[in-house]
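This one's a predicted model, so the numbers in the text were calculated from it and none came from an experiment. Any value given below was found using the heavy atoms of this structure, including those in side chains, with hydrogens, waters and symmetry copies removed.
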Amino acid sequence: MSINSEAELNGMKRVSNAVAVTLKEMRNYAKPGMTAREIDDFGGEILNALGAKSAPRLTYGFPGWTCISVNNEIAHGIPSERKVLQEGDLVNIDVSAELDGYWSDNGGSFVLGEDIHHHQALVDASKSILYKAIHRIKTGSRVADLGKFIETEAGKSGFTVIRNLAGHGVGRSLHEAPDDILNCYVGFNKTRFKRNGVVAIETFISTKSSFANQSNDGWTLIGNKGGFVAQHEHTIVITDQAPIILTAANEIWN
């Protein structure tokens, strides 16, 4: 969507705060030995208390309030009671929701407890690249150039990117144009970021895989070559200067 009034901006701020606070609290709540279902139900309670509706449930009938992916899972992980989190796991939580007709999306990966499997460097690279990428976005900048920057930065850190997952427009629905904000360079993509546009920018930084494939459960995405992926995501408003980061309350950079 494009922000055309103070009321629209305030609506996006409210829903973005809801998903950001939920993500932060879920991350803080998660402990080794908990099931993904326990953490998801905790997140669902927060969303409900804030008057927000789970976007994946509302849009796709997803079997959870949020997506929780663990270790080799890239995204869209089902938060089942069979998924028991362990010390050192690489965990990703993605929270998106609707509130009063507005939609917002955010996510983040983190190491649960002690980093016994050495995932923190991957997590830190994903965070850092997202921060740098978001602050390069201005009115008129090319989507393809952002993808090239993300891919280049990942390579500098010794990682690669998932080439078939993308950030996207958001606001009046969960996924809007532009729907092709990839983490890699696509020369024929001439799309430019528009002033006052609302987009969800996300990194998919990978140790081995370059493509995500759907697993047999019909939801969870896994890498074509294995390894691990860290994802971080903010919903922003594009301006002529620095973007407005609507989901800053998730504190993924802290």
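Residue pairs that meet the salt bridge (charged side-chain N to carboxylate O under 4.0 Å, His left out) test with at least one member in residues 240-254, sequence neighbours left out, are Lys24-Glu251, Arg195-Asp240. For residues 87-97, no residue pair satisfies the salt bridge (charged side-chain N to carboxylate O under 4.0 Å, His left out) rule, not counting sequence neighbours. Applying the ring-ring contact (aromatic ring centres under 6.0 Å, His included) definition to pairs two or more places apart or across chains, none involves residues 81-116. Evaluation of the salt bridge (charged side-chain N to carboxylate O under 4.0 Å, His left out) test over residues 146-169, restricted to residues two or more places apart or in two chains, returns Lys132-Glu153, Glu151-Arg163, Glu153-Lys156. Sorted by first and then second residue, the salt bridge (charged side-chain N to carboxylate O under 4.0 Å, His left out) pairs with a member in residues 70-82 read Arg37-Glu81, Glu73-Lys83; sequence neighbours excluded. For residues 54-89, every residue pair satisfying the ring-ring contact (aromatic ring centres under 6.0 Å, His included) rule, not counting sequence neighbours, is listed here: Phe62-Trp219. For residues 15-47, the ring-ring contact (aromatic ring centres under 6.0 Å, His included) pairs, not counting sequence neighbours, are Tyr29-Phe42.
By the ring-ring contact (aromatic ring centres under 6.0 Å, His included) test, Phe159 pairs with no residue at all, sequence neighbours left out. Here Arg142 pairs with nothing under the salt bridge (Lys or Arg N to Asp or Glu O under 4.0 Å) rule; sequence neighbours left out.
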Please tabulate, for the side chains in residues 180-188, all donor-acceptor contacts under 3.5 angstrom to protein atoms that are two or more places apart in sequence or on a different chain.
residue, atom, partner, partner atom, Å
Asp180, OD2, Asn189, ND2, 3.2
Asn183, OD1, Phe204, N, 2.5
Asn183, ND2, Glu202, O, 2.9

Please output the side-chain donor-acceptor pairs of residues 10-17 that fall under 3.5 Å, not counting sequence neighbours, one pair per line with the distance.
residue, atom, partner, partner atom, Å
Asn10, ND2, Glu6, O, 3.3
Ser16, OG, Met12, O, 2.7
Ser16, OG, Ser104, OG, 2.8

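Other cluster members for Ile222: none, since no ILVMFWY side-chain heavy atom sits under 4.5 Å from it.
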